[in-house]
Amino acid sequence: MALTGRAALLAALGSIPVGILEPGWTGILAVNGPLALACACDFALAAPVRRLVLSRSGDTSTRLGETADVTLTITNPSGRPLRARLRDGWPPSSWQPGTEVGGSRHHVTVPAGERRRVTTRLRPTRRGDRQADRVTIRSYGPLGLFSRQGAHRVPWSVRVLPPFTSRKHLPSKLARLRELDGRTSVLTRGEGTEFDSLREYVPGDDTRSIDWRASARQSTVAVRTWRPERDRHILLVLDTGRTSAGRVGDAPRLDASLDAALLLAALASRAGDRVDLLAYDRRVRARVQGRAAGDVLPSLVSAMATLEPELVETDARGLTATVLRTAPRRSLIVLLTTLDAAPVEQGLLPVLPQLTQRHTVLVASVADPQIARMAQARGNAEAVYEAAAAAQAQSERQRTAEQLRRHGVTVVDATPDDLAPALADAYLALKAAGRL
């Protein structure tokens, strides 16, 4: 039992000696008169905490930045009404800063033999799984002089998914894809296209498209039309090594890569291509394979939710070997990694020919917009030094990108806000050129 503030005040007014029974618990050692009887009755009428039955229901997932409601049902099987204060414990990252106190604490009254529900509204600030901690309940008597306190473990988990803010670009990219399908069915012929239909020859058509056998069976010259191939394989490779932990703005680079990968996956699956995912640093952190078009995006979002950067150097040889095993046939390999000189020159470049020999490779990297702002700074000696350092960093980054291009790699280097649409544009350009 615990002595409340009200009881302590009455004890002081009534000159009742109070002693400490054990750390955190206080009780009355010597009492007299009506106050003692009131305290004893109040304690006896406080509902027991251990006999309460608690269960949870509600949301099991939410997107980062959105809310999730988790309902706690309190059943009071005792013969005494429960008057209590309740704290629903969750990790600190389950709330925006400064809102935890208001969101996790509740006043509850449950009549004897009945149940009541309280709802805790979470607003997580990080991706991943948020696990519920203990539910602490302090039960008061009708006079508020004494309280009983105890804790219950009521397991529940809420998975916080990537926000997918780049989905706002999807309608415009799909419109370009539909335009591409309509245009290339007439104009495109070559690698990476498939036969669509026959039509009559008109002046200006590529003579290589003439179908001589079909022309011999009719009185006009027939030409083949082509369309971009469907059912191509795209493997999204996320580098989760130490470079992905670097923060650009308020978020690590990995978060921008996840957003770009989701937009590309949504676009490619609508285009009829097969999309798989591989997250790797020194071992496989996540893998999604063989999903149907309708299941690709939910599967990717769920797999990405728990990904975190690992503070280790990425094993480029291991990554390459894993990619080759995962994609045995010709595919588009989209590698979301860094363009920093050292990791690329020492890790990726030596093994890159193994990938480009068999696959089409696209490297996408997150650029820091602060570097561009520093490069434009002037006004004092410190700003000039910062501008010089930024210009050197940009030059090294461009040189690294050029080295990759000389190996036949398509490079996308953009800021977090621009990376997702730029990557989608690069995919559409490869499709239009018949390189998939």
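What you are looking at is a predicted structure, and each value in this text was computed from that prediction instead of being measured.
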What heavy-atom pair brings [X] and [Y] nearest, and what distance separates the two atoms?
X      : Y      : value
Pro162 : Arg63  : O-NH1, 3.0 Å
Gly347 : Pro350 : O-CD, 3.5 Å
Ile371 : Ala393 : CG2-CB, 4.5 Å
Leu267 : Leu174 : CD1-CD2, 3.7 Å
Ala245 : Pro252 : O-CB, 3.9 Å
Leu404 : Leu349 : CD2-CD2, 3.8 Å

Is there side-chain contact between [X] and [Y], with at least one heavy-atom pair below 4.5 Å?
X      : Y      : answer
Leu278 : Leu235 : yes
Arg80  : Pro48  : yes
Arg83  : Ser139 : no
Pro81  : Thr109 : no
Asp133 : Trp90  : no
Tyr140 : Arg148 : no
Ile74  : Leu82  : yes
Arg317 : Thr320 : no

Is the closest basic N to carboxylate O distance between [X] and [Y] below 4.0 Å?
X      : Y      : answer
Arg127 : Asp255 : yes
Glu310 : Arg285 : yes
Asp88  : Arg56  : yes
Asp276 : Arg287 : no
Asp259 : Arg167 : no
Asp425 : Arg176 : yes
Asp69  : Arg121 : yes
Arg283 : Asp315 : no

Any side-chain donor near an acceptor of the partner, [X] and [Y], under 3.5 Å:
X      : Y      : value
Tyr385 : Asn380 : no
Ser365 : Arg397 : yes
Thr360 : Arg330 : yes
Arg115 : Thr73  : no
Arg159 : Ser302 : yes
Thr415 : Asp417 : no
Thr120 : His106 : yes

Any side-chain to backbone donor/acceptor pair from [X] onto [Y]? Under 3.5 Å, distance only.
X      : Y      : value
Ser269 : Ala265 : yes
Thr62  : Thr67  : yes
Ser331 : Ala327 : no
Thr125 : Arg123 : no
Thr338 : Asp340 : yes
Asn76  : Ser78  : yes

Check the surroundings of atom [atom1] in [X]: do more than 12 heavy atoms from other residues, nucleotides or ligands lie under 6.0 Å from it?
X      : atom1 : answer
Gln357 : CD    : no
Arg373 : CZ    : yes
Arg117 : CZ    : no
Arg134 : CZ    : no

Nearest-0.5 Å distance, [atom1] of residue [X] to [atom2] of residue [Y]:
X      : Y      : atom1 : atom2 : value
Ile333 : Leu355 : CD1   : CG    : 6.5 Å
Gln403 : Gln398 : CD    : CD    : 12.5 Å
Trp95  : Arg130 : CH2   : CZ    : 11.0 Å
Asp273 : Arg232 : CG    : CZ    : 7.5 Å
Leu64  : Leu161 : CG    : CG    : 9.5 Å
Leu72  : Ile137 : CG    : CD1   : 7.0 Å

Query - side chain to side chain donor-acceptor pair (under 3.5 Å) assessment of Arg87 paired with Thr136 - result: CA-CA 5 Å; Arg87 180 182 181 274; Thr136 304; 5.3 Å; no

Requested in this report: In sequence, state the C-alpha distance, the side-chain angles, and the governing distance for Val237 and Val334, and then conclude on side-chain contact (heavy atoms from CB on, under 4.5 Å).
Outcome: CA-CA 6 Å; Val237 183; Val334 180; over 6 Å; no

Requested in this report: Go through the steps to decide whether His152 and Val49 satisfy the test side-chain contact (heavy atoms from CB on, under 4.5 Å), and finish with yes or no.
Outcome: CA-CA 9 Å; His152 292 257; Val49 174; 4.0 Å; yes

Report task. Tell me, with the steps shown, if Leu332 and Leu430 meet side-chain contact (heavy atoms from CB on, under 4.5 Å). Result -> CA-CA 10 Å; Leu332 171 62; Leu430 289 173; 3.9 Å; yes

Report task. For the pair Leu86 and His107, evaluate side-chain contact (heavy atoms from CB on, under 4.5 Å) and give the outcome as yes or no after the intermediate values. Result -> CA-CA 6 Å; Leu86 178 149; His107 290 272; over 6 Å; no

Query - Thr314/Asp239 under side chain to side chain donor-acceptor pair (under 3.5 Å): CA gap, chis, key distance, verdict - result: CA-CA 7 Å; Thr314 299; Asp239 179 358; 2.5 Å; yes

